[in-house]
Each structure stands twice: as structure tokens, then as C-alpha cells.
**Student:** 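One structure follows; several queries about it will come next.
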Amino acid sequence: MPLRVFNTLSGRKEAFVPVTPGKVKMYVCGVTVYDHTHIGHARANVVFDIIFRYLQWIGYEVTYVRNYTDIDDKIINRANKEGVPFREISERFIREFDLDMKALGLELPTCQPRATEHIADIIRLVDTLVEKGMAYQAGGDVYYCVEKFDSYLKLSRRTLEDMQAGARIEVDERKRHPMDFALWKEAKPGEPFWESPWGKGRPGWHIECSAMSMKFLGETFDIHGGGKDLVFPHHENEIAQAEAATGRQFVKYWLHNGFVNINSEKMSKSLGNFFTIKEVLSRYDCEVLRLFLLSAHYRSPLDFSDQNMAEAASGMERIYGTLARIDEALAGKQAETSSLSDGNPLNESESELLEKTESLLDRFKEAMDDDFNTALALGNVFDILRCINKVLGESSVPSEKTVSILAHFRSDIREIGKIIGIGISVPSAYLEKIRGDRLNRLEITEEEIIKLIEERASARKTRDFRRSDEIRDLLIAKNIILLDSAQGTSWKVK
RNA sequence: GGCGGCGUAGCCAAGUGGUAAGGCAGAGGUCUGCAAAACCUCUAUUCAGCGGUUCAAAUCCGCUCGCCGCCUCCA
């Protein structure tokens with residue numbers, strides 16, 4: 001089945017056919033660098049990172065451009081507040097953004113242009129629009145004339161009348177139409193500026209993305225992404241600018257990710273309910289956050305809450321718990337993955353496992369081909385983990401056949417991990433880390449635990465179960481759970 | 001007011017015409033000295049409600065109710 005994507009422009013899923021066969025050109029709106037990135041940025045960037053990786057995995061040569069908006073009113077405001085040059089603010093938060101994206105495990109886009117590095121391209125584009133009569137100068141500002149662009153608002157499928165019906169009336173004498181937006185803004189005294197045909201000023205918010213995306217990807221390219229909130233006005237205005245300038249279709253497929261809510265409320269600075277990526281990653285492992293973000297479809301709203309994150313953490317432990325068992329079973333064995341179905345007949349659960357293992361990548365592809373359905377893809381993975389646990393639980397020593405199947409699975413799950421960034425750690429190390437993190441929050445040291453376990457072991461040897469249970473209860477009271485097995489007693493933190 | 005989306009088990013969630021994936025939580029069982037882990041079984045005759053189309057609907061259409069987003073900076 002070919003890839004299908006939900007295109008905001010048409011409001012439906014469409015077969016994905018790139019402009020140039022075999023190649024995908026993709027642009028995603030990055031951040032305005034004036035503050036720390038939050039969980040909403042995490043979602044948008046994780047989603048498009050996975051789309052980027054998936055497109056490459058299915059064989060496309062992908063050019064992925066993600067910009068930094070490094071000149072903007074909000075940056076200037078913050079700079080004024082701190083009494084520093086605007087570049088100090090933008091540089092600082094570009095660094096922070098890069099660190100956060102790295103911490104989330106994202107790949108670098110093909111290029112990450114900055115608005116201030118493309119002022120000449122921006123001026124050229126504004127100039128073209130003025131020449132074509134699509135924009136007009138008003139003082140030192142230049143505005144885009146929305147009424148002259150026939151298909152304005154086609155992305156949100158609204159009309160200028162619709163928009164104004166509920167809009168606040170904000171009269172700006174210099175605008176010919178209230179919906180006209182700034183392409184170029186005159187610099188007020190003390191503000192950063194660049195020389196232009198209209199005097200000293202800076203670009204408006206939307207023009208940089210039209211200019212930079214076309215510069216790197218051409219006048220018509222395949223995918224343009226961003227959060228749902230960018231549909232209007234940002235993307236609508238990008239279309240207006242680009243298509244009026246070139247007379248061609250700007251973007252073929254518009255992809256928009258849903259919002260992250262906090263306890264069912266919209267995240268916003270005024271409500272004070274937003275979480276930065278740094279805060280979240282200090283409390284949860286990066287893969288836990290990714291599992292949470294990918295557990296719902298990228299277009300759905302997603303509710304960030306302690307309970308939902310705790311569920312993701314449990315899910316992650318389940319994944320690594322099983323992967324660790326697999327690695328144990330495979331340790332020191334040379335599995336012949338090429339000969340899965342000859343030799344002794346498989347029992348029922350082994351057959352089921354074989355079938356699910358052999359179809360795993362196909363089912364992964366099928367899920368991802370359906371508008372990047374990561375939730376379904378993850379469901380398939382959990383399903384097969386259950387099968388594996390079942391097979392491993394049936395005998396203490398897995399058969400050679402089972403080992404082969406597991407080796408096959410292990411290799412495929414690594415392949416999937418390369419795209420979704422989940423299950424890519426060394427399982428024993430992950431579990432160890434989780435245990436360590438939790439242990440740090442308890443009032444008991446590892447040495448004390450091990451000592452108590454040893455004492456319990458000797459008590460059990462002499463069948464002194466009273467003392468043995470006493471020790472176990474003591475540890476349970478401290479959130480330490482003991483796991484007895486043939487190999488001895490291990491422990492984990494609740 | 002206009003435009004758009006959503007409503008699937010206690011919670012999260014997939015499923016857009018063929019008879020309800022998966023996760024978390026819970027109950028019973030196997031195992032265990034007892035537990036835990038793991039496994040097995042169970043937990044939605046039903047998809048907000050009502051009506052319609054169809055051999056067949058959670059899926060399509062209409063209406064009602066409820067929630068949310070956008071229309072202003074925002075991932």
C-alpha cells in the first residue's frame with residue numbers, strides 16, 4: 001500500500017506523490033527563539049522528525065528544512081527587558097533549542113536556516129510582491145493586500161467575511177483591509193534594522209518562511225508542516241506570499257500536528273500551566289516521553305498528565321523488560337535467522353510468534369503508510385511482546401527455533417527503533433537506570449538492600465520464612481519489590 | 001456568530017462499510033514456602049443519543065446533546 005497523508009489543504013487523506021519521483025522536499029516551521037521550548041514543541045518536532053526518518057526509510061531522498069525565527073517582536077521585547085542585544089537572546093535560545101532537540105533524540109534536519117541570514121532573499125520577495133501590485137507601502141511598512149489574492153484562506157477553507165464576523169475590530173489606519181498583514185516592518189528608534197527599499201526595518205513574521213522554503217526547496221515543494229495553530233494566519237499567509245509571487249502552487253501537502261493539553265486544559269503562559277522540555281526530561285526518560293507522544297495519532301489532541309506519563313513509563317518498562325529477556329535468551333548464541341521454518345515443528349505459540357515476527361515490518365509499514373499511525377504501530381509491537389513473553393514462559397531454555405525467531409525480531413525491532421526512537425537503548429541498562437533513578441528518591445541504599453537480600457536468602461535456606469517475609473515486607477514498605485527466581489533474588493523499585 | 005474537529009471499557013487509545021487492536025489499572029487461575037515477575041482467562045452484544053441509507057454502520061447521511069480548537073501571538 002502506498003503512503004497516504006492527511007492534507008489540510010483538501011481536508012482528507014491523499015496518496016502521497018512527490019513532485020519529483022524518489023525525492024521529498026519538506027519544510028517545517030521551527031521556533032521563534034525567545035524562550036525555552038515546551039512540551040508542545042517537543043510533540044511537533046518529534047512528529048516531523050519521525051516523518052522525516054520514515055520517508056527516508058521507505059526509500060525517499062529527503063531534504064528537510066526547519067527554520068529558526070531569530071528576529072521578531074518577542075525577541076526584541078525580551079532583549080529590551082534584559083537590556084541586551086537581540087542577538088544575545090536569539091543565540092541563547094537557538095543553543096537551548098538544539099540541546100533540547102538532541103535530548104529528545106531527534107536527527108538534525110538537512111538544513112536549519114535563520115531568518116536574519118536571508119534578509120536579502122526576503123527583501124527580494126517583498127519587492128516582487130510590491131511590483132506585482134500584491135503589496136503596498138505605507139510609511140516604512142509594507143503590507144500584503146489580501147483582497148487581491150483570490151484563493152486567500154483556502155487552507156482553512158474560510159472566507160474573509162467568515163473571519164471578520166467574529167474578529168475583534170482593530171482599526172489600523174495604514175491598512176487598506178483589516179486582514180492585510182505586514183511583510184516588512186519599519187524599525188522604531190533603537191530597534192534592530194536592515195536597509196531596504198522601504199527604509200530601515202525588519203521582516204514581518206510570515207515572509208521568512210516563504211522566502212527560505214522556496215530558496216532551499218524550490219517554488220513548489222512536497223510537504224510543509226507545523227502545529228495546527230499555524231494554519232491561520234501563518235501558513236495561510238505563506239501561501240498568499242509565495243503563490244502571488246510565483247504564480248505556482250506553493251506546497252502540495254500541508255501537515256499539521258495536534259496540540260498538547262495539560263490536564264485537559266490548553267497550555268498557555270497566562271495559565272502558567274506549561275512545561276518546558278527540560279522539566280519534563282528531568283522527570284521522565286526521553287523514550288517515555290516519546291512513547292507518550294506517539295501513543296496517539298499526531299493530529300489528535302494529547303493530554304499531558306501525571307497519570308498518562310506514568311502509563312507511558314509502565315509501557316516503556318514492559319518493552320524493555322521483554323527486550324531484556326530476549327537478550328538474555330540470545331546471549332552467547334549464534335542464531336540462524338535465515339532458516340526459520342525448517343526442522344522441528346513449532347508449537348502453537350511459537351507458530352504465532354513466527355507469523356507475527358515475519359509480518360512485523362510489513363505491519364509497521366502499513367500503519368505508518370496510513371498517515372503515520374504510530375499508535376497502531378506501537379499496538380503491533382506490544383502485541384508481539386506478549387507473544388514473546390508467552391513463548392519464553394513456556395520453557396526455561398528456549399528452543400533453537402525460538403532463538404532464531406527472537407533474533408529476527410530483535411533485528412526488526414531495532415529497525416523500527418531507528419524510526420520511532422523507542423526501544424533503542426540497551427535493555428538492561430535502561431532498566432538499571434530506571435531503578436537507579438527511583439532508588440535516588442528512596443531512603444535506602446543499594447548496599448543495604450543487597451545486605452537484606454543476603455540475610456533473607458540464608459533465612460530461606462533454613463526455612464525461616466518468618467524472618468524471610470519480615471525482610472520482604474520491610475523492603476516493600478520502602479518500595480522495594482523482590483523477585484525470586486531460580487537464579488536468585490533480584491529487586492526493583494516500585 | 002462563522003469555520004473546523006472530537007465524543008470507542010475505570011483511564012489512555014487504534015479502528016472510516018463486513019461484525020470492536022493495543023496499553024494502563026482491576027479480578028480469578030498457573031507458578032511460588034508465601035509473594036513478586038511472567039503467562040493464561042475474564043473485564044465494551046457494543047462505539048454520546050435519536051432517526052435514516054444498506055444484505056451489512058463505531059464507520060455513510062440527518063438531527064439532538066456534550067466537549068474542544070481556530071477566527072488575536074502561539075507547536
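Numbered from 1 within each chain, the chains take letters A, B, ... in sequence-line order.
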**Student:** Can you check the distance between B:C6 and B:U59, where both ends of the measurement are the C1' atom (answer in whole Å)?
**Tutor:**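 Comparing C1' positions in B:C6 and B:U59 gives a spacing of 15 Å.
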**Student:** Can we say A:Arg438 and A:Glu317 salt-bridge, meaning some charged N sits less than 4.0 Å from an Asp/Glu carboxylate O?
**Tutor:**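 Here A:Arg438 pairs with A:Glu317 in a salt bridge, since their nearest N and O are under 4.0 Å apart.
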**Student:** Is any side-chain heavy atom of A:Arg318 closer than 4.5 Å to a side-chain heavy atom of A:Arg386?
**Tutor:**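 Yes, their side chains come closer than 4.5 Å.
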**Student:** Quick one: is B:A75 close enough that its OP1 or OP2 comes under 4.0 Å of any side-chain N or O from A:Asn45?
**Tutor:**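 It does not, given that no N or O in the side chain of A:Asn45 lies less than 4.0 Å from OP1 or OP2 of B:A75.
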**Student:** Given atom CG of A:Asn263 and atom P of B:C68, what is their separation to the nearest angstrom?
**Tutor:**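 Value for this atom pair: 14 Å.
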**Student:** Output the rounded distance in Å from CZ (A:Arg157) to P (B:G5).
**Tutor:**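 Computing the A:Arg157:CZ to B:G5:P distance gives 7 Å.
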**Student:** A:Leu289 and A:Ile39: which non-hydrogen atoms are nearest, and at how many Å?
**Tutor:**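 Nearest pair, atom of A:Leu289 first, then A:Ile39: CD1-CD1, 3.5 Å.
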**Student:** How long is the line joining OH of A:Tyr152 and P of B:C3, in whole Å?
**Tutor:**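 The answer, rounded to whole Å, is 18 Å.
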**Student:** Just the table, please: protein N/O against nucleotides 37-40 of chain B N/O, every pair under 3.5 Å.
**Tutor:**
| unit_1 | atom_1 | unit_2 | atom_2 | d |
| --- | --- | --- | --- | --- |
| B:A38 | O2' | A:Arg325 | NH1 | 3.0 |
| B:C39 | OP1 | A:Asn389 | ND2 | 2.8 |

**Student:** Is there a donor N/O on one and an acceptor N/O on the other, under 3.5 Å, for the side chain of A:Ser468 and the base of B:G33?
**Tutor:**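 Between B:G33 and A:Ser468, which were checked side chain against base, a qualifying N/O pair under 3.5 Å is present.
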**Student:** Say you pick atom P in B:U8 and the same atom in B:A48; how far apart are they, in whole Å?
**Tutor:**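 One P to the other, the span is 6 Å.
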**Student:** Who does B:U16 pair with, Watson-Crick or G-U, both distances under 3.5 Å?
**Tutor:**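 In the structure as shown, B:U16 has no Watson-Crick or wobble partner.
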**Student:** Classify the nucleic acid contact of A:Val381 as base, sugar-phosphate or nothing, counting any heavy atom under 4.0 Å across all strands shown.
**Tutor:**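 Answer is nothing: A:Val381 stays at 4.0 Å or more from every strand.
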**Student:** In a check of salt bridge (Lys or Arg N to Asp or Glu O under 4.0 Å) between A:Asp35 and each of A:Arg78, A:Lys74, A:Lys81, which one passes?
**Tutor:**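 Among the candidates, only A:Arg78 passes.
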**Student:** Salt bridge or not between A:Asp469 and A:Arg472? Use side-chain N to carboxylate O under 4.0 Å.
**Tutor:**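 Counted as a salt bridge, because a side-chain N and a carboxylate O are separated by less than 4.0 Å.
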**Student:** Under 3.5 Å for both donor-acceptor distances, Watson-Crick or wobble: does B:G62 have a partner, and if so which one?
**Tutor:**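 Its partner is B:C50 (Watson-Crick or G-U wobble, both distances under 3.5 Å).
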**Student:** Classify A:Lys74 by what it touches in the nucleic acid, base, sugar-phosphate, or nothing, heavy-atom distance under 4.0 Å.
**Tutor:**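 Since only primed, P, OP1 and OP2 atoms lie under 4.0 Å of A:Lys74, the category is sugar-phosphate.
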**Student:** Side-chain donor or acceptor of A:Arg472 under 3.5 Å from a matching atom on the base of B:A35?
**Tutor:**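 Indeed there is one.
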**Student:** Would you measure the distance from the P atom in B:C47 across to the matching atom in B:G10 and give it in whole Å?
**Tutor:**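 To the nearest whole Å, 13 Å.
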**Student:** Using the P atom as the point on both nucleotides, what is the distance between B:A25 and B:A38, in whole Å?
**Tutor:**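 One P to the other, the span is 9 Å.
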**Student:** Angle class for the A:Trp254/A:His235 ring planes (parallel below 30°, perpendicular above 60°, tilted otherwise)?
**Tutor:**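 Ring orientation of A:Trp254 relative to A:His235: tilted.
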**Student:** Does any N or O donor sit under 3.5 Å from an N or O acceptor when you compare the side chain of A:Asp469 with the base of B:G33?
**Tutor:**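 It does, because a donor-acceptor pair links the side chain of A:Asp469 to the base of B:G33 below 3.5 Å.
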**Student:** Can you list the residues that meet the salt bridge (charged side-chain N to carboxylate O under 4.0 Å, His left out) rule with A:Arg66, with sequence neighbours excluded?
**Tutor:**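 With sequence neighbours excluded, A:Arg66 shows a salt bridge (charged side-chain N to carboxylate O under 4.0 Å, His left out) to no residue whatsoever.
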**Student:** P atom, B:G4 versus B:C61: distance in rounded Å?
**Tutor:**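 Approximately 13 Å lies between the P atom of B:G4 and that of B:C61.
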**Student:** Would you kindly compare A:Asn257 and A:Asp383 by the position of their nearest RNA chain B nucleotide and give the one closer to the 5′ end?
**Tutor:**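 The residue closer to the strand's 5' end, by nearest nucleotide, is A:Asp383.
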**Student:** Of the candidate nucleotides B:G33, B:C24, B:C71, which contains the atom at the shortest distance from the side chain of A:Arg456?
**Tutor:**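 When the side chain of A:Arg456 is considered, B:G33 is the closest of B:G33, B:C24, B:C71.
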**Student:** Under 30°, 30 to 60°, or over 60°: which ring-plane class applies to A:Phe275 and A:Phe304, parallel, tilted or perpendicular?
**Tutor:**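 A:Phe275 and A:Phe304: tilted rings.
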**Student:** Might you list the N or O atoms of the protein lying below 3.5 Å from N or O atoms in nucleotides 7-13 of chain B, with each pair's distance?
**Tutor:**
| unit_1 | atom_1 | unit_2 | atom_2 | d |
| --- | --- | --- | --- | --- |
| B:C11 | O2' | A:Gln307 | NE2 | 3.3 |

**Student:** Could you tell me which nucleotide pairs with B:G1 by Watson-Crick or G-U wobble geometry, both distances under 3.5 Å, or answer none if nothing does?
**Tutor:**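 Its partner is B:C71.
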**Student:** Only one of A:Asp370, A:Asp371, A:Thr374, A:Asn257 forms a side-chain hydrogen bond (donor to acceptor under 3.5 Å, both in side chains) with A:His297, so which one is it?
**Tutor:**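 Testing each of A:Asp370, A:Asp371, A:Thr374, A:Asn257 against A:His297, the sole residue satisfying side-chain hydrogen bond (donor to acceptor under 3.5 Å, both in side chains) is A:Asp371.
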**Student:** Could you give the CG-to-P distance, from A:Leu482 to B:C31, as a whole number of Å?
**Tutor:**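 About 22 Å, once rounded to whole Å.
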**Student:** With a 3.5 angstrom cut-off on both distances, give the Watson-Crick or G-U wobble partner of B:U32, or none if there isn't one.
**Tutor:**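 Looking at the geometry, B:U32 pairs with no nucleotide.
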**Student:** Looking only at atom P, what distance separates B:A21 and B:A9, rounded to whole Å?
**Tutor:**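 Approximately 14 Å lies between the P atom of B:A21 and that of B:A9.
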**Student:** Under 4.0 angstrom, heavy atoms only, what part of the nucleic acid is A:Gly321 near: base, sugar-phosphate, or nothing?
**Tutor:**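 The residue A:Gly321 makes no contact with any strand.
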**Student:** Can you confirm whether more than 12 heavy atoms, excluding those of A:Glu355, are under 6.0 Å from its CD atom?
**Tutor:**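 No - once you tally the heavy atoms of other residues, nucleotides and ligands closer than 6.0 Å, there are 12 at most.
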**Student:** Less than 4.0 angstrom from a charged side-chain N to a carboxylate O is my criterion; do A:Asp72 and A:Lys185 meet it?
**Tutor:**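 Salt bridge absent between A:Asp72 and A:Lys185.
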**Student:** In whole angstrom, what separates A:Asp464's CG from B:C34's P?
**Tutor:**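 Going from CG in A:Asp464 over to P in B:C34 covers 16 Å.
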**Student:** What integer distance in Å separates A:Asp306:CG from B:A25:C1'?
**Tutor:**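 Going from A:Asp306 (CG) to B:A25 (C1'), I get 16 Å.
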**Student:** Using Watson-Crick or G-U wobble geometry with both distances below 3.5 Å, tell me the partner of B:A27, or none.
**Tutor:**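 Its partner is B:U41 (Watson-Crick or G-U wobble, both distances under 3.5 Å).
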**Student:** Going by ring centres under 5.5 Å and near-parallel planes (under 30°), is A:Phe382 stacked on B:G22?
**Tutor:**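 Not stacked by the 5.5 Å and 30° rule.
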**Student:** If you go through the side-chain atoms of A:Asp484, does one of them form a donor-acceptor pair with the base of B:C34 closer than 3.5 Å?
**Tutor:**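 Side chain to base: pair present.
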**Student:** What residues, two or more places apart in sequence or in another chain, satisfy ring-ring contact (aromatic ring centres under 6.0 Å, His included) together with A:Phe52?
**Tutor:**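 By the ring-ring contact (aromatic ring centres under 6.0 Å, His included) rule, A:Phe52 matches A:Tyr64.
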**Student:** Does any pair with a residue in residues 256-268 of chain A pass salt bridge (Lys or Arg N to Asp or Glu O under 4.0 Å), and if so which ones, sequence neighbours excluded?
**Tutor:**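 For residues 256-268 of chain A: none.
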**Student:** Using atom CG of A:Asp162 as one end and atom C1' of B:G69 as the other, report the distance to the nearest whole Å.
**Tutor:**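 Interatomic distance, CG of A:Asp162 to C1' of B:G69: 16 Å.
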**Student:** Are A:Glu470 and A:Glu455 side-chain neighbours, meaning at least one heavy-atom pair lies under 4.5 Å?
**Tutor:**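 Heavy-atom side-chain distance check fails, nothing below 4.5 Å.
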**Student:** Can you check ring pair (Phe, Tyr, Trp, His ring centres under 6.0 Å) on A:His36 and A:Phe93, steps first, answer last?
**Tutor:** CA-CA 7 Å; A:His36 294 284; A:Phe93 289 109; 5.2 Å; yes
**Student:** Using atom P in both nucleotides, what's the gap between B:G33 and B:C40 to the nearest angstrom?
**Tutor:**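 It comes out at 23 Å once rounded to the nearest Å.
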**Student:** Taking only the C1' atom of each, what is the distance from B:A14 to B:G22 in whole angstrom?
**Tutor:**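 B:A14 and B:G22 have their C1' atoms separated by 7 Å.
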**Student:** Considering only side-chain heavy atoms of A:Arg158, which listed nucleotide, B:C3, B:G15, B:G33, is closest?
**Tutor:**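 Minimum distance to the A:Arg158 side chain belongs to B:C3.
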**Student:** Hey, can you pull the residues of residues 223-240 of chain A with a non-hydrogen atom under 4.0 angstrom from RNA chain B?
**Tutor:**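 Contacts with RNA chain B under 4.0 Å: A:Gly226, A:Gly227, A:Asp229, A:Leu230, A:Phe232.
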**Student:** Across the strands shown, which category fits A:Asn373 at heavy-atom distances under 4.0 angstrom: base, sugar-phosphate, nothing?
**Tutor:**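 If one applies the 4.0 Å heavy-atom cut-off, A:Asn373 turns out to touch the sugar-phosphate alone, with no base involved.
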